[in-house]
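Take a look at the structure below.
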Amino acid sequence: MIRHAICLALGAAAPAWASGPSALIDLPVVASVVVPASQYQARMPPAASMVSALDAALHVAGTFEGLRQVIVQTHDTPESPSVSRVVILRDGLLDDAVHTQRLELALARTSAGGWQVTEMKKSWRCRRGEAPFQFDVRPCP
């Protein structure tokens, strides 16, 4: 009973922005563009060295510079997955037009047991304009 009360009190003391990041994943994706493999292959480490699909995805996504990063990862099966999908939302970017970048990476396990990115898509959310609550590929104003 006491533990439950402490958890409720801690939950109530959470900062106002704490509920924001989870809402980012629910925003609609109107359009996304497939990133040519030539643009990220140089950042892709040897597949055998990437034991985790998430590590491989973050390595390919590159350095994050912004306020918060939200990551959602799903596998084809909970035990010994062979396919993984990682969505990376990078919010509060140091850009006067783009507020959030959305990267979606498809990964496959290699025969060596590592992970390799098979496709990468990107879209973004503008700071202002007609549709600031969706991800799209149109230039931001």
Side-chain angles (χ1 to χ4, degrees), residues 1-110 112-141:
M1 182 86 154
I2 293 173
R3 283 189 209 160
H4 184 65
I6 291 171
C7 290
L8 287 175
L10 289 174
W17 55 264
S19 62
S22 63
L24 285 174
I25 196 68
D26 296 327
L27 293 178
V29 179
V30 175
S32 60
V33 62
V34 175
V35 177
S38 60
Q39 289 185 15
Y40 62 82
Q41 277 181 334
R43 292 191 309 258
M44 203 165 1
S49 69
M50 287 291 114
V51 178
S52 157
L54 181 58
D55 287 341
L58 289 172
H59 196 83
V60 168
T63 305
F64 168 61
E65 293 179 0
L67 182 61
R68 65 183 151 256
Q69 179 167 265
V70 178
I71 301 166
V72 177
Q73 179 180 12
T74 55
H75 291 304
D76 60 338
T77 179
E79 192 172 320
S80 299
S82 60
V83 177
S84 185
R85 180 175 156 257
V86 177
V87 176
I88 303 170
L89 299 165
R90 293 178 162 181
D91 191 47
L93 302 177
L94 302 173
D95 186 307
D96 61 347
V98 177
H99 193 283
T100 310
Q101 180 184 51
R102 184 182 193 276
L103 302 171
E104 184 174 341
L105 296 97
L107 298 100
R109 190 180 293 275
T110 66
W115 290 90
Q116 183 172 11
V117 175
T118 57
E119 183 180 61
M120 182 167 146
K121 296 178 184 177
K122 71 177 178 179
S123 56
W124 47 86
R125 181 171 74 106
C126 298
R127 289 193 182 277
R128 55 195 166 276
E130 19 179 293
F133 299 107
Q134 65 186 26
F135 289 98
D136 203 343
V137 295
R138 291 181 288 172
C140 293

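No experiment lies behind these values; they were computed from the predicted model shown.
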Going by the rule side-chain hydrogen bond (donor to acceptor under 3.5 Å, both in side chains), which residues pair with Asp55 if we only count those two or more places apart in sequence or in a different chain? none
Walk me through it: do Leu58 and Ile71 pass the test side chain to side chain contact (heavy atoms under 4.5 Å, CB included)? CA-CA 9 Å; Leu58 289 172; Ile71 301 166; 3.8 Å; yes
Say whether, by atom type as modelled, one donor and one acceptor occur between the side chain of Ser84 and the main chain of Leu107 under 3.5 angstrom. no
Looking at Phe64 and Leu93, what are the two nearest heavy atoms and their distance? CE1-CD2, 4.4 Å
Could you tell me which residues satisfy side-chain hydrogen bond (donor to acceptor under 3.5 Å, both in side chains) with Arg90, sequence neighbours excluded, listed by chain and number? Gln69
Residues in side-chain hydrogen bond (donor to acceptor under 3.5 Å, both in side chains) with Thr74, at least two apart? none
Distance, nearest 0.5 Å, that separates CD of Gln73 from CG of Leu105: 10.5 Å
Output all residues satisfying salt bridge (Lys or Arg N to Asp or Glu O under 4.0 Å) with Arg102, sequence neighbours left out; order by chain, then residue number. Glu104
What pairs with Gln134 under side chain to side chain contact (heavy atoms under 4.5 Å, CB included), at least two apart in sequence or on another chain? Pro28, Val30, Ala131, Asp136, Arg138
Of the non-hydrogen atoms in Arg127 and Asp96, which two are nearest, and what is the gap between them? CD-O, 3.4 Å
Are the side chains of Val70 and Asp91 in touch, meaning some heavy atoms are under 4.5 Å apart? no
Should Leu27 and Leu89 count as side-chain neighbours, where that means a heavy-atom distance under 4.5 Å? no
Distance, nearest 0.5 Å, that separates CD of Glu119 from OH of Tyr40: 7.0 Å
Checking side chain to side chain contact (heavy atoms under 4.5 Å, CB included) for the pair Leu24/Arg125: CA distance, chi angles, key distance, verdict? CA-CA 10 Å; Leu24 285 174; Arg125 181 171 74 106; 3.8 Å; yes
Of all pairs that satisfy salt bridge (Lys or Arg N to Asp or Glu O under 4.0 Å), the ones with a partner from residues 29-42, not counting sequence neighbours: none
